[in-house]
Structure formats: structure tokens, C-alpha cells
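Proteins come first, then strands; the chains are lettered A, B, ... in the order of their sequence lines, and each starts at number 1.
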Protein chains: 2
Amino acid sequence: MPSAFLRRLLLNSLCITTVCIAADVWIQSAKAQLDSQAPNAADALSSWKDCATKRALIAYVQRVCDPKSSDFVPEPERIAVFDNDGALWPENPVPFQVAYAFDVVDQRAASDPEFAKQPMVQAVLKRDIPTLLAGERHEGLLQVMAMTHAGMSVEEFQKSVSDWMAQAKHPKFNKRYDQLTYQPMQEVLAHLRANGFKTYIVSGGGADFMRVWSERVYGIPPQQVIGSSAKTKFELREGKPVLIKTLDQVFVDDKAGKPVGIHQTIGRRPIVCFGNSDGDHAMLQYTTIGNPRPSFGAIVHHTDPDREYAYDSAPKSSGKLVEALADAPNQGWYVIDMKEDWTRVFAE
Amino acid sequence: MPSAFLRRLLLNSLCITTVCIAADVWIQSAKAQLDSQAPNAADALSSWKDCATKRALIAYVQRVCDPKSSDFVPEPERIAVFDNDGALWPENPVPFQVAYAFDVVDQRAASDPEFAKQPMVQAVLKRDIPTLLAGERHEGLLQVMAMTHAGMSVEEFQKSVSDWMAQAKHPKFNKRYDQLTYQPMQEVLAHLRANGFKTYIVSGGGADFMRVWSERVYGIPPQQVIGSSAKTKFELREGKPVLIKTLDQVFVDDKAGKPVGIHQTIGRRPIVCFGNSDGDHAMLQYTTIGNPRPSFGAIVHHTDPDREYAYDSAPKSSGKLVEALADAPNQGWYVIDMKEDWTRVFAE
């Protein structure tokens, strides 16, 4: 027989309890936001079978993020580098940037007969890859890249790439190129970032080409994209600043150039490296050999002719994997068997 | 006359209230962590008088961080660039990196008579600045920089800079060089970062020199340091990867080189720029003229012969400020009068 006073008090108490529960929910959600470092690691790599690479990567990330572990690495030093072509998305039948250059040449040739007469333009129009790749330095292909990647402003180039990406389709998969990222590798990127890593692309491809879509497609902002490049030229045109793309001081971010590009841009040694070809051999060495921090190296091995391609021992264009593969057991690099280790290759 | 039951209930209710208050404190603290975008802006710039630059900067930051403002800028695009020598710390009597090179030359000359005989080494030993700066490209000084900045591994160079910084003293202030950052500028860096900006150094100084101490001294990690540089060379020495500093592909991050370096490293246009000399003119233009985002430019004007120096109209070494100062009113760049606008120059 509670009095009116008692009833009020009970009611009050119930209200307070409700508020407390609400507060608790809020606290849990705030805690989740603050501690986003702790996702379920196995679920995070859901497109991977329970393979050696997956188990080792999850264990490695746990160790370097655990302040009580002797392998702990402070967050500013958690730098992970990824090759792009063949490591995050395909590079067949030609690297996607080459497909872009070919399409630009096609378009210009259609309206410019003088341009169309040039021998290397003819080679592009016939998709005569051997002619374009002839010579020690693949002079034909370099000419084509120069025709399509210099002489315009950075903004003009960005618009051209962006327009192309919005409509061009891959010949085998009949999808837009930016829909062809490897889902298991997207999961690796996300898992590392959820654990305080900065993820970088370190690619032989052009930095300006990749930066147009890297943030949207991989969640990797332009300042975390390292690629081949040449110096731009700063000018005021009618009082407005522009940067013109040139071919001065060309830097090729491949092979021994990859550690050089990493040092130039990051100034700090990575602790995680994913590559797929001999072009990534030096970057794997730089990341893992004699590194004072615990490190992790892995190679995407293209073994899946049905869902993707199996080409890397003798590629028709880029992506040869022989030396780095032979070195993997010595160096403790994980070799990802695409066919065996991935439950799916693409998102859909 | 409360019954035992009522007493328990009252006590309970008090406990719950206490828990609720504790929870509320927790919520407030969690909120503060989540909303760290909202510090007290005036307090954040406590070494500044209530001058036009301070008021404009606080108002600008508020606008670009306010999602309801038409001037709102998404966080990934909040890029702020700062010159270093003369903008974040002094550059007199010579830039600190030149002081480092002189000290290294002194040390080597003391134990190497052949080295000591070279004319430019002699010029250093006599601190004969006019001889070192003679010629269009300051060939003497370039020779000295080459002697002291190439031919060793990145790690050897880092150790040399680090050892020097730990003991060398500035001739006027008799303090370690890394104790001479401008306190008001440290506050600008912190205020911008508290509001979601990424702060970058963009300096004519060497990237490898600055990265040794930038994180400790300014809170700016190595990947946010853009400077003059040359390509390193990747080698395996006894199976261990090393990067050797060379003089190949020298890039001078000054004048029109600054926008070029920004594009090369960040790939995105800054919206805030602080400089102090004509070497920063192009970077100020690139940041503020025709930028689709609202932007902010400012120049540190050295007007304080007592607390620092007053030199920029006719400097003895670097830091000439004539053209950019004349252009400031046209472009809306704020000119910071060091003597009038700062209540203190250094931290202590």
C-alpha cells in the first residue's frame, strides 16, 4: 500500500533507471566509436578461406596492436604498402591505365588524320602489343603514354580519366574497371585501417591517374598514393595558377624505384607489404628484411584462370612473378593462391 | 517516517542518481573526445594579440568546419601548408640546416687536412658567406650541401642530424635549435589540427633533414613533410636493404617548385597557407587564387629586431620578402607583424 509519495518515488526511480539504461546504451555506442580498433578479425576477412595467409595476418595485426606484446608497434609507424595492378585489381589483358591511353588514342585518331598516321598510333589502333612493347625500354608504349599523359593541366587530365572510368568496360568481365577490385584485398585494407594502419598504394602506374579514383574505390586518399610521375610545371594563366603535366624528371615507381618512392613520400619504413610481381620484389625486401619492427610480406599469385587469370609466370603484358616467388620461402613471405584461398574474387 | 523499505528505496534511488551523474560525466568526457573539433578558439591562440589575422583565422576555421555553412569544407580536403625557415622557426643568421652543414664541415676538416684544403671548405671555416653565395646558383653552398648530404645511407644521415640537434646551440639565443620554434605558430598548427586539418611543412629545406625532428618538434609526421630532395638509391648490402642518399634528380622545393612539390606529394590543393618570403609566393597563389574552396593565406613579416630579427626586405642569407608582400593586399593575404601581433615569440 504505497503512499502517493512512495508512488512518485517509485516512478522517479523507474525514470532514472530508464535514463540510466539509455545512458548505458549511449556509453556502449560511444565506447564502440572510441574503440573501433577492435572489430572481429575473422569476420573482417570474410572472403578468405581459413588459409595460412589469413591466420598469419590476423595474428600479426593482433600482436603489433597489443600494447602488452613485445611486438607492439606505435600507431604512427603502422604503414602498409600495396601494389595496385595485379594486387588490388587485375592487370589483364593490359593494365587499366594502358586501356585508358588506348581509348584516348582511338578517340583522337578518329578526328585527326595526321595524328592517326603515326606508327605508334597505328600500333595502338591495331592493338599490336608486341610492337608497342619492343625495345629495352618499351619505347612505343612510352610514346603512347607521353601523348596521353602530358601537355595538359592536372584538372584536364583528371576530368579525362574520370569521364573514361564512368563508361569504359573491361573486355572479359563487361563491368566498369572500378568495379573490379579484389574483394578479399579490400577486406585486408579495411582490416588494417580498423587497426590504426595507414594504407598506401605503391604502384608502377601513374600517381595522377590513380588519385582520380583511389579515395572513392579503395578509401585511400591522394596523399597515400605513390606512383610513377613526372614534374608538373607551375604557371599563372590569365592570373590563375595551373599545373601543367610534363615529361620532365620522369620517376618510374617500379622495382628498386619502389623503396625510393616510399622513402621520398613517406620517409618511414613500412611494416606490411602486399605485391604480386617481380616489380614488387625490392619493396618486399625493404619492408621485411632487417626491419627493426615486426613485419609482414605477402604475394598475390594469379592461379585462377576461370574467375580471373593465371598468367604470372609468363605474362603477355605486365606482372611477371618468378624471382620474388622463388625468394618467398627464404624471406617468410606468404604466397596467396588466388584460386584456393579466396572464396570470391570480386564483390558481386 | 519512512519505513525500512522506503529507506532502502531512497538509498537505491540515491545510488542510481550517483551512477547517473557518473554516467553523465562519462558521457560528457566521451562527447568531448568525439567532438574534439570544438575547443575554445580564442584560448587556442593565446600568444596572439587580438589582431586582424587572429580574428580572421578563427572565423575562417569556424566557417569551413560548420556543416551548415556554405563555406563548409569536408575534412579530407582540409589541407594546410606551412613554410618552415622563417615561418615556423628563425632562419638567421643562416638557415639551421646550413648551420648543421657548417658544423659537419668543421668537424671533418679538423681531422682531414686534404678535405680542409678545398676552397669551399676554407670558405666555411671562415664563415665567408658572400663567397659561398656567389654565382647565380650559389655553387659554393651547393658544394657544401653535397659534401654533407649525400653518399651515406638514410639512417647514417638521420643519426648525424639527430646527434647535432641534441647539442648545437643557436648563436643569438644560446638555446638548442629545436627549442626555437615560434610559439604563436605552434598554436596555429594545433588549432588547425584540432579542427580536422592536416598540417604540412612545405620548405626549401631538405625533407630528410626535417623529418628527423618534425614529429617531435611540430607534431608533423614525416609523410607530411615536403622539402628539397634528391633520389636515393636502393641497394642490398650483405643481404640487407639500404637507401643511399645521392645527388640524382635534385628537386628544389622553392618558389614555383612549391606547388609542384605539393601536387607531387599531396595531390590535392591546400586551403590554408602560411609563408614568410618570396619563396612562398607561388604556394600562396596556388592556395588562394581561383581555389574552388574558401582559402586563407598569411605571411609572417619579420619586424622584431629585439625578440627575433627584422631582416626580410634585405636579408643576409635567405628570406627575402618583397614581391609577395606587395601582392598581399591584392590577394587578401594577412600580413603578420611579428612585433605587434605576437605577445611572445618563443615558448619561454
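Heavy atoms of V154(A) lying under 4.5 Å from chain B belong exclusively to its side chain. The contact between E215(A) and chain B is made entirely by side chain atoms (from C-beta outward), counting heavy-atom distances below 4.5 Å. Only the side chain of L236(A) comes within less than 4.5 Å of a heavy atom of chain B; its backbone N, CA, C and O stay farther away. Contact annotation for L243(A): only side-chain heavy atoms (C-beta onward) come within less than 4.5 Å of a heavy atom of chain B.
Considering only heavy-atom pairs separated by less than 4.5 Å from chain B, the leading option among R269(A), Q158(A), H263(A) is H263(A). In terms of non-hydrogen atom pairs under 4.5 Å with chain A, the most contact-rich of P221(B), P76(B), G290(B), A282(B) is A282(B). Considering only heavy-atom pairs separated by less than 4.5 Å from chain B, the leading option among V242(A), I266(A), V225(A) is I266(A). When each of K231(B), K233(B), Q224(B) is scored by its heavy-atom pairs under 4.5 Å with chain A, the top score falls to K231(B). When each of R211(B), Q285(B), K198(B) is checked for heavy-atom pairs under 4.5 Å with chain A, R211(B) comes out on top.
Summarising the geometry, atom OG1 belonging to T265(A) is positioned 9.5 Å from atom CD1 belonging to I226(B); distances are rounded to the nearest 0.5 Å.
When every heavy atom of S229(A) is checked against every heavy atom of Q264(B), the shortest pair comes out as OG-NE2, 3.2 Å. In this structure, G267(A) and P222(B) approach most closely via the heavy-atom pair O-CB, 3.9 Å. The two residues V260(A) and T232(B) come nearest to each other via the heavy atoms CG2-O, 3.3 Å. Between I289(B) and G239(A), the shortest heavy-atom contact is CG2-O, 3.4 Å.
Within a 6.0 Å sphere centred on CD of E235(B), other residues, nucleotides and ligands contribute more than 12 heavy atoms.
Taking 4.5 Å as the heavy-atom cut-off, the residues of residues 202-209 of chain B that approach chain A are D208(B), ordered by number. Residues from residues 249-257 of chain A that place a non-hydrogen atom less than 4.5 Å from a non-hydrogen atom of chain B comprise Q249(A), V250(A), F251(A), A256(A), given in numerical order.
In this structure, F234(B) and K258(A) have side chains that are not in contact, with every pair of non-hydrogen atoms separated by 4.5 Å or more.
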